[in-house]
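Remarks on the structure that follows.
What you are looking at is a predicted structure, and each value in this text was computed from that prediction instead of being measured.
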Amino acid sequence: DTDAAVKPKRKKRNLLMKHELLEEIPTDLREEWVCMPIPEGQRCLVASSNQQTIAKSETGELLEKFRSYLPNGSHSSSDKKESYCVFDC
């Protein structure tokens with residue numbers, strides 16, 4: 001069913017956190033900002049739904065498709081059909 005394969009893609013679009021280099025320290029850094037270190041290496045989005053797990057690059061290219069123990073990432077971990085799990089890695 002192609003419709004089932006398209007719906008999760010729409011839900012997961014633009015879920016990677018975009019980074020912004022901090023060149024100056026803002027005066028309201030503690031109150032209004034969230035700071036995280038940027039790890040080196042390739043980033044990806046890992047998502048599980050419809051009893052499979054996929055890993056995609058920042059550009060949306062499919063890196064891997066596999067079964068996992070993430071919620072709804074395999075037959076053994078399936079929950080509700082419409083549930084899914086997303087990680088920004």
Side-chain donor-acceptor distances from residues 21-31 under 3.5 Å, at least two apart:
| residue | atom | partner | partner atom | Å |
| --- | --- | --- | --- | --- |
| Asp28 | OD1 | Trp33 | NE1 | 3.1 |

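For the atom pair Tyr69 OH and Ser48 OG, the distance stands at 14.0 Å (nearest 0.5 Å). To the nearest 0.5 Å, the span separating CG on Leu63 from CD on Glu58 amounts to 10.5 Å. Note that SG of Cys44 is 12.0 Å distant from NZ of Lys56, once rounded to the nearest 0.5 Å. Between atom CD of residue Glu64 and atom CD1 of residue Ile54 there is a gap of 11.5 Å, rounded to the nearest 0.5 Å. Rounded to the nearest 0.5 Å, atoms CD (Gln52) and OG (Ser68) are 10.0 Å apart.
Residues passing the side-chain contact (heavy atoms from CB on, under 4.5 Å) test with Glu40: none are found, sequence neighbours excluded.
Taking both residues in full, the closest heavy atoms of Arg67 and Thr53 are given as C-OG1, 4.3 Å, listed atom of the first, atom of the second, then distance.
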